[in-house]
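Heavy-atom basis, side chains included; hydrogens, waters and symmetry copies ignored. Whatever order the structure lists ligands and atoms in, that order sets their numbers, starting from 1.
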Amino acid sequence: MEKNIVLVGFMGSGKTSVGKRLSAVLGRGFTDMDDYIEKKENLTVTEIFAQKGEPYFRALERELCAEFAAGGGRIIATGGGVVKDAENVAALKRGGIIFYLKSTPEQIADNLKYDNTRPLLQTGDKLAKIREMMAQREKYYSGCCDVVIDTAGRSIDETVEKILSCIKEERK
Ligand code: S3P
């Protein structure tokens with residue numbers, strides 16, 4: 001079974017946009033985990049957090065990650081909190097190659113300045129919250145990935161090109 005291409009990284013690091021583009025270029029199926037969960041529940045992520053609680057959302061993420069362990073050559077944009085769970089990471093690694101889209105708190109804050117769809121960032125000082133959460137999570141992202149792609153200051157197309165060239169190298 002062909003390996004999945006799995007994109008991990010903080011909220012607003014471009015996983016969805018990069019994943020869509022990769023899917024179009026490679027002609028492979030694409031799953032955005034948040035999007036999949038929203039459709040399945042017929043609720044937005046914000047509504048799931050508010051009405052059912054974060055643990056319920058995390059359980060849905062775990063179910064979905066388990067399905068990716070078999071591979072299948074899909075492009076997968078994970079939610080930013082997926083890699084905190086060791087079982088999720090094991091399943092994603094079994095079925096795929098993991099790319100960490102690494103950014104800076106300033107770049108993320110800029111990308112998300114008009115965003116109100118991330119319940120964990122609905123606080124007064126967004127940049128401070130991003131800094132705090134990124135510092136806590138960096139070890140998970142860098143610890144689970146096969147390849148780090150620096151995305152700060154890079155366009156979506158440039159990031160996609162980087163990933164494509166890594167995949168070509170892998171195949172040599
Ligand atoms: C989360 C990231 C979000 C979404 C939810 C929680 C997180 O996904 O799953 O709001 O814990 O980092 P994106 O990374 O696609 O924004």
Side-chain angles (χ1 to χ4, degrees), residues 4-23 29-68 74-93 96 98-145 147-152 154 156 159-160 163:
N4 295 318
I5 295 174
V6 181
L7 307 175
V8 305
F10 201 78
M11 291 172 261
S13 57
K15 292 164 290 180
T16 301
S17 309
V18 169
K20 275 187 187 153
R21 197 74 60 88
L22 274 175
S23 155
F30 173 59
T31 303
D32 178 84
M33 290 187 62
D34 288 336
D35 196 47
Y36 180 94
I37 289 171
E38 286 186 332
K39 291 205 172 94
K40 180 167 186 257
E41 295 291 301
N42 202 20
L43 291 171
T44 65
V45 170
T46 300
E47 287 166 343
I48 299 172
F49 270 62
Q51 295 173 25
K52 304 194 167 184
E54 185 175 344
Y56 180 86
F57 177 77
R58 298 300 176 194
L60 295 173
E61 284 188 323
R62 271 198 297 281
E63 271 175 32
L64 190 50
C65 282
E67 290 179 25
F68 295 137
R74 297 187 75 73
I75 316 294
I76 297 160
T78 60
V82 155
V83 297
K84 285 174 66 189
D85 182 297
E87 268 185 44
N88 288 350
V89 169
L92 293 170
K93 261 190 154 342
I98 303 185
F99 290 88
Y100 168 24
L101 305 193
K102 185 173 174 146
S103 191
T104 60
E106 292 74 18
Q107 179 75 62
I108 297 284
D110 191 55
N111 293 350
L112 296 180
K113 58 180 181 279
Y114 304 118
D115 178 84
N116 59 6
T117 66
R118 271 68 172 202
L120 298 178
L121 295 181
Q122 298 316 301
T123 59
D125 190 342
K126 218 183 228 181
L127 178 58
K129 185 69 185 170
I130 291 169
R131 282 212 176 98
E132 179 197 322
M133 286 182 72
M134 274 181 103
Q136 287 165 357
R137 287 181 173 186
E138 172 58 27
K139 60 177 181 289
Y140 297 108
Y141 298 129
S142 51
C144 78
C145 69
V147 185
V148 181
I149 309 277
D150 270 308
T151 61
R154 250 196 195 133
I156 298 296
T159 300
V160 168
I163 294 175

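Near ligand 1, residues Met11, Lys15, Asp34, Val45, Phe57, Arg58, Glu61, Gly79, Gly80, Gly81, Arg118, Pro119, Leu120, Arg137 each place a heavy atom inside the 4.0 Å sphere around the ligand atoms.
Using a 4.0 Å cut-off between a side-chain N of Lys or Arg and a carboxylate O of Asp or Glu, Asp125 and Lys129 do not qualify as a salt bridge. Electrostatic pairing of Glu67 and Arg74 does not count as a salt bridge here, judged by no charged N lying under 4.0 Å from a carboxylate O.
Listed by first and then second residue, the salt bridge (charged side-chain N to carboxylate O under 4.0 Å, His left out) pairs that reach into residues 75-87 are Arg62-Asp85, sequence neighbours excluded.
Judged as a ring pair (Phe, Tyr, Trp, His ring centres under 6.0 Å), and not counting sequence neighbours, the contacts of Tyr100 are Tyr141. In this view, Phe57 and Phe49 satisfy the ring pair (Phe, Tyr, Trp, His ring centres under 6.0 Å) rule, not counting sequence neighbours.
Lys126 contributes a side-chain N or O that, together with a main-chain N or O of Leu112, makes up a donor-acceptor pair within less than 3.5 Å.
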